[in-house]
There are 2 protein chains.
Amino acid sequence: MPTIKEIAKASGVSVATVSNIINEKGKVSEETRIRVQKIIEEMNYTPNSVAKNLKTKNSRCIGVIAEDMTVFALPDIIDGITEYCEKEDYQILLVNLRLYKKFEDTYYRSDRYGDIVQREIQKLVAKQVEGIIYVAAHERLINVFPEQLPVPMVVAYGYTSHRGIPSVMVSDEQGARELVKYLISMGHRRIGVIAGKKYSMHTRSRLEGYQRALFEGNVLYDPDLVVYGDWERESGYRNTDYLIEKNVTAIFCMNDFMAGGAYDRLDERKLKVGRDIAVAGYDNREMAGYEKPPLTTMGLPLHDIGYRASEIILDMLKKEEKNTEEADIYYVDCKPYIRQSVNQLKTEKKEGV
Amino acid sequence: MPTIKEIAKASGVSVATVSNIINEKGKVSEETRIRVQKIIEEMNYTPNSVAKNLKTKNSRCIGVIAEDMTVFALPDIIDGITEYCEKEDYQILLVNLRLYKKFEDTYYRSDRYGDIVQREIQKLVAKQVEGIIYVAAHERLINVFPEQLPVPMVVAYGYTSHRGIPSVMVSDEQGARELVKYLISMGHRRIGVIAGKKYSMHTRSRLEGYQRALFEGNVLYDPDLVVYGDWERESGYRNTDYLIEKNVTAIFCMNDFMAGGAYDRLDERKLKVGRDIAVAGYDNREMAGYEKPPLTTMGLPLHDIGYRASEIILDMLKKEEKNTEEADIYYVDCKPYIRQSVNQLKTEKKEGV
DNA sequence: TTGTATGCGTTATCAT
DNA sequence: ATGATAACGCATACAA
């Protein structure tokens, strides 16, 4: 690995001139520029980013802290981050907390967890990253960040009450609303809901979307048509009977797994999904397309969340880190995947309230 | 962010002393050590890794080039990499090539692809990474690396003929062998195969494993029982009839998707999987556990591949980068997931050759 | 247009 | 045991 000094010597100029050429500062004669350029090629010289970084104080690098790489949402979010960063010529220092693997499902209650995060932030800052994106494994309130942060930060797929840290989240309310409006447009009025865990953010927002769609469709909201599962397939299976007895013509499941469970039960009861009864899911997990019939569902804008998060953080960088008091939450819209699990309702006889 | 100089001034010692304390060089009196240590705490000082790196030439950082983060195998492989790196206190600079998104399925034939890889390697080296792990999106021969590499490299989930670059791959042969031995142990003798694309590495190795299991089980290998699909679900569906006509009692599909297709066709023909006929898959994709009945399949050791790859590269680093002429291929074993799709064969009547 | 000199924050060498 | 200082590779202010 040659250094700028060696290039200078080899081409008989000073290091300043070489530096000016590399960084296209002008004020160099065309003649020497070409000559030095050639030497640079020949010796296969690349400037040492570390030295450059030490001097200029910009590393063109951001830190990404992922709660757990192997959780389904993360790869797409990180993919979105990398796409925008590549455009802007930023590199990524990745930290994988492996929270699920270390603490199982309850990591966010662990005492150790906050310390771990702070230590990793410390290390990232020591490496001179210009900003940090924290990527949560599922949406929730995250308050493990130190009071004084030396670099801008944004949280993706979660939010924080820490002032000065923007958040980027799924617009669950919009997604559920759009999906339920679709069900209504297909003639359904009695739409049962198999919700997620009662106090999950996703559950609450999706339920609001459901209610709003009903309102806009002039359909009475019947609380008895909402039943709570726990996101697992089995809970979809378990809650289906209840809704059938309530004479629903469609079931909106708050994730694809529970929709799969509903399929199972419906199948046992000889009710054909997409003909005798409509089913919709949420998340657009891989298996949704393989169900029989393929499941209509709402896709999470994971890639876009990552993309948006990096836009925001690079914007903060450009603004010289001033007036970043806009601790906003940005919502990114979901996109529906219309498949074969929702039938057009023809008869009106089951429509009574 | 205070510097070492400020710490020195604040505690009334020289920077050399502070440095010695930080790096536990000894030759410092207990008294001053404690005093300076306290100041460091108070001022919340962390050494600047960039400056340290410039001076010492070790960044404790490796580069990871992922062909495409969103391909199913990658997150687990990267998770394995991060696990070992965390133990060894190494950080990770991540590059996501996004090859699938940019070039679709044929990226590896693209001219531009090689240049992109070389440019990214260049950038990583400029950042002073100590080594690079290249993670392929699917196993194949990869020869896009520059002749002279300034840092050690290893390829995960693929291999290269470049000398000095070790590879870490799935032991497809072992996996298929073990799975087919299991089928034989369950009494099956006429075991049909729905293979992947004919010239894929995976197909060839898994076929070898199948043949070896047959040999070891004293079962004649009948080439007519092997039919080629294209990894897609539909090709499993399409090839099932042929095997049924050949009177197989079990079908070994070379991936879970094709197994799913076989399920579909079997279902149509009123053959119950796990009772009338056995089906096994490969890869242990998410959907495998949700099939009815849950699919017996062979899990890919993705996490272990990543873990092994980082072990290898950090070993190379320790060896002072000498005699790395061992351009070996390391194979990592697959692990079976026994579920309900394979029945014990009781009657012997269908066993003839 | 080109060269000289200084400093970024750290470690390491050599005095004291 | 502690301190002064050079050096890592680069960018830049200033001099020539």
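Letters A, B, ... mirror the listed sequences (proteins, then strands); counts begin at 1. All of these numbers come straight from a predicted model, not from anything done at the bench.
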Spacing between A/Asn53 atom CG and D/dC8 atom C1', to the nearest angstrom: 14 Å

Atom pair distance, as rounded to whole Å: CE in A/Met1 and C1' in D/dC8: 16 Å

Under 3.5 Å side-chain donor-acceptor pair for A/Ser59 and A/Asn53: no

Whole angstrom value for the distance that separates C1' of C/dT10 from CD1 of B/Ile22: 9 Å

OP1 or OP2 of D/dT2 under 4.0 Å from side-chain N/O of B/Asn20: no

Near-strand residues of residues 40-50 of chain A, defined as heavy-atom separation under 4.0 angstrom from DNA chain C: none

Polar side-chain atom of B/Arg140 near backbone of B/Tyr157 as donor-acceptor pair, under 3.5 Å: no

Would you mind writing out the side-chain donor-acceptor pairs for residues 5-14 of chain A within the sub-3.5 Å range, not counting sequence neighbours?
residue, atom, partner, partner atom, Å
A/Glu6, OE2, A/Thr3, N, 3.2
A/Ser11, OG, A/Ile7, O, 2.5
A/Ser14, OG, A/Ala16, N, 3.4
A/Ser14, OG, A/Thr17, N, 3.4
A/Ser14, OG, A/Thr17, OG1, 3.3

B/Lys25 side-chain proximity, nearest of D/dT12, C/dA12, D/dC10: C/dA12

For atom CG of A/Asn23 and atom C1' of D/dG9, their distance in whole Å: 13 Å

Rounded distance (Å) that lies between atom C1' of D/dA4 and atom NZ of B/Lys9: 16 Å

Contact under 4.0 Å: B/Ser29 side-chain N or O vs D/dA1 OP1/OP2: no

Could you list all N or O pairs between the protein and nucleotides 14-16 of chain C that sit under 3.5 Å apart?
none

Angle between terminal axes - the helix from C/dT1-D/dA16 to C/dT16-D/dA1, 5 pairs each end, rounded to 10°: 50°

B/Ile21 CD1 to C/dT10 C1', straight-line distance once rounded to whole Å: 15 Å

Set of side chain to side chain donor-acceptor pair (under 3.5 Å) partners for A/Tyr90, sequence neighbours left out: A/Glu130

Phosphate OP1/OP2 of C/dT2: any A/Thr32 side-chain N/O under 4.0 Å: yes

Between protein and nucleic acid, restricted to nucleotides 5-8 of chain C and to nitrogen or oxygen atoms under 3.5 Å apart, what atom pairs and distances do you find?
residue, atom, partner, partner atom, Å
C/dG7, N2, A/Lys55, NZ, 2.9
C/dG7, N3, A/Lys55, NZ, 3.2

Distance-only donor-acceptor check, side chains B/Asn96 and A/Asp79, under 3.5 Å: yes

Gap between atoms CG and P, on B/Asn58 and D/dC8 respectively (whole Å): 16 Å

Sugar-phosphate, base or nothing in reach of B/Gly12, heavy atoms under 4.0 Å: sugar-phosphate

A/Tyr113 and A/Glu67 side chains, donor-acceptor separation under 3.5 Å: yes

